[in-house]
Structures are given as C-alpha cells and as structure tokens.
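Heads up, the thing below is written out as structure tokens.
Owing to the predicted nature of the structure, the values given are computational and were not obtained by experimental measurement.
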Amino acid sequence: MRAVLLLLLALPLAMSAQPVPASDLSAEDKAWCEDGDAMRRGVREACEVRAVRLDARDEIEVDGGTNGGIRVQGWDRDEILVVTRVRAYSEERSTAYKLLEEVTISTDGTIEAEVPRTRGDDWVGSSFRIYVPRDTDLDLESSNGGIRITAVSSTIRFDTSNGGVCLVDLGGDVRGRTGNGALRIELGGQSWDGEGLDVTSGNGTVKLYIPDNYSGRFASGTGNGRLNVDFPITVQGRIDKNVEFTLGEGGPLLRARTGNGSIRIERS
C-alpha cells in the first residue's frame with residue numbers, strides 16, 4: 001500500500017520552533033513518505049512529514065525511541081532543520097490517521113517523538129532527518145533504528161541497541177556503539193581533524209574506507225570474524241584478528257571494532 005504524504009505546516013511544537021513550508025524542503029524530504037510499503041498484507045499505512053526550523057545550538061540530543069532512525073547532516077547555515085517522518089499502521093486507515101494525530105514532536109530539550117500506545121497489529125513509529133551547523137555537538141540514541149552522521153566535526157556520541165551506523169566525513173571526538181548492526185566509516189580529507197574516533201559493534205560487520213594519501217593511526221579488531229585489508233600496510237599485532245597501523249604522518253587514533261563480524265579496510 002503506497003504511503004500517503006501529508007506535509008504539516010502548523011504543528012503543536014515548542015514556541016522556538018518555526019514551521020517550515022514545503023517549498024523549503026529538499027525533494028528527497030518531501031518524498032520521504034513514498035519510501036517503502038505497509039509492513040504486512042492487509043495493513044493500512046498513514047504517513048506524515050513534519051518539518052520545523054530551530055535556532056542553532058551548541059549541542060543537540062536526539063532520542064529516536066523504538067524503531068526510530070536518526071540521520072544528521074552538517075551544513076553551512078546557522079540554524080537547525082528538523083524533519084520528522086511519522087508513520088502509523090492499522091487494519092483501518094482511519095485508525096492509522098487517528099494514531100498520527102496523537103503523535104507530538106518535542107524540540108525544547110531532547111528532540112524526540114511522543115507516540116501513543118498501540119494494541120494488536122497497530123504500530124506507530126518516527127524517524128528524524130536533522131540538518132545542523134557542522135560544529136554542533138551531538139548526543140544520539142535509538143532503541144531499534146539506524147544512525148547516519150555526515151559532515152559534522154564536533155563532540156559526537158551515539159548509541160543504538162539494534163541498527164546499522166554510517167559515519168561519513170566526520171571530525172572531532174567521535175565515540176559510539178551499536179549493539180547489533182553494521183558499522184560503515186567513510187573518512188574524508190587527508191587527515192582527522194580532532195581528538196579521534198572510537199566506535200564498536202557488538203554484532204556486525206565493519207567497513208572502513210580510507211582516501212588515498214590519508215595520514216592517521218588506525219586500530220581495528222574482531223572477536224570472531226575475518227579481517228581484510230585491500231592495500232599494503234605495515235602492521236602491529238595479529239593480522240588475523242587485530243591490526244594496528246600508521247599511514248603517512250600519523251595522527252589521532254581511529255579505532256573501529258566488532259565483537260562478532262568481519263572487518264574490511266579499503267581505499268575509497
């Protein structure tokens with residue numbers, strides 16, 4: 001069943017949050033409700049995209065809740081844009097819309113969605129796409145959803161119990177974990193700008209992509225899995241399970257580990 005898009009221009013949010021007209025959103029965000037179908041045959045879906053603009057903050061905290069994905073994108077504007085997709089499923093579409101009406105988005109402190117309790121096959125969930133100044137500190141948490149962070153250099157903390165994590169072109173002091181999900185790290189530039197990177201997966205593959213002529217110190221390991229490096233390196237430690245190496249002039253330590261899963265380190 002095709003998702004139905006409702007772009008809300010007036011929302012029950014904090015006074016500091018300013019509703020964003022549809023014309024100000026990217027084509028991707030406008031069409032967010034068109035991604036995917038209903039979870040089960042015979043179940044009807046209702047979907048809304050809600051967007052608000054916030055003043056820039058030194059730090060944002062985001063709670064994705066249950067089944068909530070979080071994507072944060074750094075940009076050059078001195079403001080924050082919070083785009084939320086709220087979806088509800090029920091055997092009756094009218095019930096699904098009623099469930100959506102009960103969802104509120106909080107932005108005063110922690111950015112989060114408050115969703116109603118459901119019964120039977122009914123389900124309500126939300127996901128966030130948040131655009132922030134590149135130096136905004138981040139504290140992200142989700143119970144069962146993926147996390148993606150792109151083009152931010154700051155103090156970054158993230159945690160998800162079950163979901164993949166993708167980190168692209170970051171800097172600063174980055175630390176986080178996923179209990180069950182893949183880690184994908186795409187480095188940018190020629191070296192790490194900041195204190196370093198320390199990320200882990202309890203159960204999932206790790207893929208690390210390093211640009212040519214990149215300088216840095218690296219450490220990676222797996223408790224149970226294979227380790228593959230697709231370019232020549234001088235290593236310290238056991239190449240079968242753990243590896244440490246330096247490229248170019250070195251730099252801050254960049255560490256990515258998994259308890260159970262393979263590791264692949266490639267040139268990007």
Starting from W75, can I reach L25 by hopping between I/L/V/M/F/W/Y residues whose side chains sit under 4.5 Å apart? yes
Check: T178 side chain, V165 main-chain N or O, donor-acceptor pair, under 3.5 Å: no
Quick one, V82 and L54 - any side-chain contact, counting heavy atoms below 4.5 Å? yes
Which donor-acceptor pairs under 3.5 Å do the side chains of residues 145-157 make with protein atoms, sequence neighbours left out?
from : atom 1 : to   : atom 2 : distance (Å)
S154 : OG     : T136 : O      : 2.7
R157 : NH1    : D173 : O      : 3.0
R157 : NH2    : D173 : OD2    : 3.0

Return the set of residues passing ring-ring contact (aromatic ring centres under 6.0 Å, His included) with F128 (not counting sequence neighbours), or none when no residue passes. none
Pair S215, L247 - check side-chain contact (heavy atoms from CB on, under 4.5 Å), show working. CA-CA 5 Å; S215 292; L247 295 178; 5.8 Å; no
What do the steps show when you test V199 against R255 for side-chain contact (heavy atoms from CB on, under 4.5 Å), and what is the final call? CA-CA 6 Å; V199 294; R255 179 184 290 115; over 6 Å; no
Step through the shown structure and confirm whether more than 12 heavy atoms of other residues, nucleotides or ligands are within 6.0 Å of CG on D58. no
Contact check, side chains of V174 and D198, non-hydrogen atoms, under 4.5 Å: no
With sequence neighbours excluded, what pairs up with D230 under the side-chain hydrogen bond (donor to acceptor under 3.5 Å, both in side chains) test? none
Would C33 and R85 count as a side-chain contact (heavy atoms from CB on, under 4.5 Å) if you check the C-alpha gap in whole Å, the side-chain angles of each, and the deciding distance to 0.1 Å? CA-CA 7 Å; C33 272; R85 182 182 67 180; 4.1 Å; yes
Sequence neighbours excluded, every pair satisfying side chain to side chain donor-acceptor pair (under 3.5 Å) that has a member inside residues 182-193: R184-E186, R184-Y209
Answer whether the closest heavy-atom distance between the side chains of D122 and Y89 falls below 4.5 Å. no
With a 4.5 Å cut-off on side-chain heavy atoms, are L99 and W123 touching? no
Determine the minimum heavy-atom distance between V103 and P116, stating which atoms define it. CG2-CD, 3.8 Å
How about L187 and Y214: do any of their side-chain heavy atoms sit closer than 4.5 Å? yes
Between T258 (side chain only) and V206 (backbone N and O only), is there a donor and an acceptor less than 3.5 Å apart? no
Are L140 and V168 connected, step by step, through hydrophobic side chains (Ile, Leu, Val, Met, Phe, Trp, Tyr) whose heavy atoms are closer than 4.5 Å? no
D137: partners by side-chain hydrogen bond (donor to acceptor under 3.5 Å, both in side chains), with sequence neighbours left out: none
Any residue meeting side-chain contact (heavy atoms from CB on, under 4.5 Å) with E112, in chain and number order, not counting sequence neighbours: D63, S106, T110
Measuring only between side-chain heavy atoms, which start at C-beta, is I130 closer than 4.5 Å to I80? yes
Residues two or more places apart in sequence or in another chain: which of them pass side-chain contact (heavy atoms from CB on, under 4.5 Å) with D135? P133
Grouping I, L, V, M, F, W and Y whenever their side-chain heavy atoms are under 4.5 Å apart, do I233 and L197 come out in a common cluster? yes
Which residues share a side-chain contact (heavy atoms from CB on, under 4.5 Å) with E28, sequence neighbours left out: S26, R71, R129
Would you name the heavy atoms of T84 and S126 that are closest together and state the gap between them? CG2-CB, 4.2 Å
List the residues meeting side-chain contact (heavy atoms from CB on, under 4.5 Å) with A96, not counting sequence neighbours, and say none if there are none. A46, A88, S90
Shortest non-hydrogen separation from A113 to I105 and the atoms involved: CB-CD1, 3.6 Å
What verdict does the side-chain contact (heavy atoms from CB on, under 4.5 Å) test give for E92 and R44, after you've listed the backbone C-alpha separation in whole Å, the side-chain angles of each residue and the deciding distance to 0.1 Å? CA-CA 6 Å; E92 297 293 335; R44 299 296 184 261; over 6 Å; no
Only pairs under 3.5 Å count here: list side-chain donor-acceptor contacts from residues 261-268, not counting sequence neighbours, and write none if there are none.
from : atom 1 : to   : atom 2 : distance (Å)
R264 : NE     : E266 : OE2    : 2.5
R267 : NH1    : P211 : O      : 2.8

Test side-chain hydrogen bond (donor to acceptor under 3.5 Å, both in side chains) applied to D24 - qualifying residues, sequence neighbours left out: R53
Would you indicate whether the side-chain heavy atoms of R175 and F158 approach each other to under 4.5 Å? no
Using atom types as modelled and distance alone, determine if a side-chain donor or acceptor of S201 lies under 3.5 Å from a backbone N or O of G181. yes
Exam field: side chain K241 to backbone G225, donor-acceptor pair closer than 3.5 Å: yes
For residues I60 and D139, determine if any side-chain heavy atom of one lies less than 4.5 Å from a side-chain heavy atom of the other. no
Any residue meeting side-chain hydrogen bond (donor to acceptor under 3.5 Å, both in side chains) with N260, in chain and number order, not counting sequence neighbours: N203, N224
Between F231 and F245, what is the ring plane arrangement, given parallel below 30°, perpendicular above 60°, and tilted in between? perpendicular
